[in-house]
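In what follows, a structure is listed as structure tokens, so that the remarks can point back to it.
Letters A, B, ... are given to chains in the order of the sequence lines, protein chains preceding strands, and every chain is numbered from 1. For clarity, every value in this text was computed on a predicted model and none was experimentally measured.
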Number of protein chains: 2
Amino acid sequence: MVRVGDVFRALADPTRRLILDELTLRDGQTLFEICSRLIAHGNTSTRQAISQHLAVLEEAGLVVSHRSGRTKIHHLNTQPLRSITERWPVTD
Amino acid sequence: MVRVGDVFRALADPTRRLILDELTLRDGQTLFEICSRLIAHGNTSTRQAISQHLAVLEEAGLVVSHRSGRTKIHHLNTQPLRSITERWPVTD
DNA sequence: ACAATAGGCAAGTGACTACTTGCATGTCAA
DNA sequence: TTGACATGCAAGTAGTCACTTGCCTATTGT
């Protein structure tokens with residue numbers, strides 16, 4: 001069960017938004033891939049920090065993961081974002 | 001200039017989301033009206049707390065306000081929410 | 001088996017955040 | 001003008017959060 005508060009709290013951090021951007025560019029990355037590519041783009045986060053960020057994103061339902069051997073594959077899930085526009089409809 | 005981080009941080013707090021809900025029900029309320037109606041709905045926040053929440057919402061661009069005599073009228077602005085679905089498009 | 005790889009767990013720290021408390025400012029009605 | 005009303009400001013506090021640090025587990029290749 002995903003709470004809406006978790007979604008917003010997860011999105012409130014700039015590094016977590018960068019992770020979502022990275023998964024938007026290439027879905028299904030491992031922790032090490034995400035680390036490498038974030039650092040390559042100037043982010044200074046360590047593996048442990050990014051691992052904790054991914055846990056927050058998973059709790060919010062924005063990222064789903066499954067283990068494959070000794071690696072863990074992360075997938076983006078934009079479904080929880082739907083609740084945002086449903087709650088406060090954007091007026092055109 | 002509204003930063004996307006401010007929007008998510010503002011939405012991360014449950015009381016602030018209740019304030020947005022309240023303004024969705026009836027737009028253009030004063031601080032005292034918002035306080036009264038939130039408390040009537042079981043929220044235990046004080047006036048000062050809600051005032052600070054409104055300041056955060058204004059900084060995020062989600063609420064715009066103008067003074068009228070000794071009262072301050074608050075209006076909802078859902079425009080910043082658009083950036084959410086623009087950044088991570090919701091797949092149907 | 002053994003070393004390297006990919007990731008996990010948990011305690012500690014500094015910064016930030018929500019909330020309170022107390023007082024000050026500005027406005028309206030009598 | 002004087003008091004009541006609506007709101008603002010600013011310092012202090014308790015709790016949360018992001019990040020580090022150090023060690024541990026599990027899997028793969030040789």
Side-chain angles (χ1 to χ4, degrees), chain A residues 3-23 26-60 62-75, chain B residues 3-23 26-60 62-75:
Chain A
R3 283 155 300 188
V4 64
D6 291 337
V7 178
F8 292 122
R9 193 172 59 81
L11 291 168
D13 186 85
T15 301
R16 284 197 285 269
R17 290 196 299 274
L18 281 181
I19 293 176
L20 293 185
D21 287 338
E22 189 54 52
L23 287 178
R26 195 207 286 195
D27 199 35
Q29 295 189 57
T30 69
L31 172 59
F32 251 71
E33 285 173 331
I34 296 172
C35 286
S36 307
R37 301 187 65 172
L38 281 191
I39 291 172
H41 286 75
N43 196 288
T44 61
S45 303
T46 63
R47 176 184 62 84
Q48 291 86 347
I50 294 183
S51 175
Q52 288 172 357
H53 281 310
L54 282 169
V56 174
L57 289 169
E58 283 199 60
E59 181 130 6
L62 290 165
V63 165
V64 290
S65 68
H66 61 93
R67 291 206 67 130
S68 166
R70 61 178 160 181
T71 66
K72 191 177 175 188
I73 315 292
H74 300 84
H75 294 275
Chain B
R3 283 155 299 189
V4 64
D6 292 338
V7 178
F8 292 122
R9 194 173 58 82
L11 291 167
D13 186 87
T15 301
R16 283 197 285 268
R17 291 195 299 275
L18 282 180
I19 293 176
L20 293 185
D21 287 337
E22 189 54 53
L23 286 178
R26 194 207 287 197
D27 199 35
Q29 295 190 56
T30 68
L31 171 60
F32 249 71
E33 284 174 330
I34 296 172
C35 286
S36 305
R37 301 187 65 171
L38 282 190
I39 292 173
H41 287 75
N43 195 287
T44 61
S45 303
T46 62
R47 176 184 63 83
Q48 290 85 346
I50 294 182
S51 175
Q52 289 173 357
H53 281 310
L54 282 169
V56 174
L57 290 169
E58 283 199 59
E59 182 131 4
L62 290 164
V63 165
V64 288
S65 69
H66 61 94
R67 293 207 64 133
S68 167
R70 60 179 162 183
T71 68
K72 190 178 177 187
I73 315 293
H74 300 83
H75 295 275

Are side-chain heavy atoms of A:Leu62 and A:Asp6 found at a separation under 4.5 Å?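 With C-beta onward as the side chain, the pair stays apart.
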Rounded to whole angstrom units, what separation is found between the [atom1] atom of [X] and the [atom2] atom of [N]?
X       : N      : atom1 : atom2 : answer
B:Ile50 : D:dA6  : CD1   : P     : 15 Å
A:Glu58 : C:dG8  : CD    : C1'   : 13 Å
B:Leu57 : C:dA18 : CG    : P     : 10 Å
B:Asn43 : C:dC19 : CG    : P     : 8 Å

Using a strict heavy-atom distance below 4.0 Å, which residues from residues 28-39 of chain A are in contact with DNA chain C?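 Contacting residues: A:Thr30, A:Leu31, A:Phe32.
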Detail all sub-3.5 Å separations between protein N/O atoms and N/O atoms belonging to nucleotides 11-17 of chain D.
none

Atom pair [atom1]/[atom2] of [X] and [Y] - distance to nearest 0.5 Å:
X       : Y       : atom1 : atom2 : value
A:Asn43 : A:Ile19 : CG    : CD1   : 8.0 Å
A:Leu18 : A:Ile34 : CG    : CD1   : 11.5 Å
B:Leu23 : B:Leu54 : CG    : CG    : 7.5 Å
B:Leu38 : B:Thr46 : CG    : OG1   : 11.5 Å

Taking all non-hydrogen atoms of both residues, which atom of [X] and which atom of [Y] are closest, and how far apart?
X       : Y       : result
A:Ser45 : A:Thr15 : OG-CG2, 3.7 Å
A:Arg16 : A:Arg9  : NH2-O, 3.2 Å
A:Arg67 : A:Arg70 : NH2-O, 3.5 Å

Quickly, which of A:Thr30, A:Asp27, A:Leu31 forms a side-chain contact (heavy atoms from CB on, under 4.5 Å) with A:Ile73? Name it, please.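 Output: one option passes, namely A:Thr30.
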Would you say B:Ser51 places a side-chain N or O within less than 4.0 Å of OP1 or OP2 belonging to D:dT7?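 No, B:Ser51 has no side-chain N/O under 4.0 Å of OP1/OP2 on D:dT7.
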Is the shortest side-chain N/O distance from A:His53 to OP1 or OP2 of D:dC19 below 4.0 Å?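 True: A:His53 side-chain N/O within range (under 4.0 Å) of D:dC19 OP1/OP2.
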When all nucleic acid strands are considered with a 4.0 Å heavy-atom cut-off, which category describes B:Ser45: base, sugar-phosphate, or nothing?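 Here B:Ser45 touches no strand at all.
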Using C1' atoms of five pairs at each end, report the bend of the helix from C:dA1-D:dT30 to C:dA30-D:dT1 rounded to 10 degrees.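 Here the local axes at opposite ends form an angle of 30°.
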Going by side chain to side chain contact (heavy atoms under 4.5 Å, CB included), name the residues that satisfy it together with B:Gln52, two or more places apart in sequence or in a different chain.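 Counting only residues at least two positions away or on another chain, B:Gln52 forms no side chain to side chain contact (heavy atoms under 4.5 Å, CB included).
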N/O to N/O distances under 3.5 Å, protein versus nucleotides 22-29 of chain C:
residue: C:dT27; atom: O2; partner: B:Arg70; partner atom: NH1; Å: 3.3

Could you give all pairs that pass the salt bridge (Lys or Arg N to Asp or Glu O under 4.0 Å) test and reach residues 42-58 of chain B, with sequence neighbours left out?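 Passing the test, one end in residues 42-58 of chain B: B:Glu58-B:Lys72.
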Determine yes or no for a side-chain-to-main-chain donor-acceptor pair under 3.5 angstrom, with A:Arg17 supplying the side chain and A:Leu11 the backbone.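 Flag set: sc A:Arg17 to bb A:Leu11 pair under 3.5 Å.
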Would you find a donor on one side and an acceptor on the other, under 3.5 Å apart, between the side chain of B:His74 and the backbone of B:Gln29?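 Side chain of B:His74 to backbone of B:Gln29, a donor-acceptor pair under 3.5 Å: yes, one is there.
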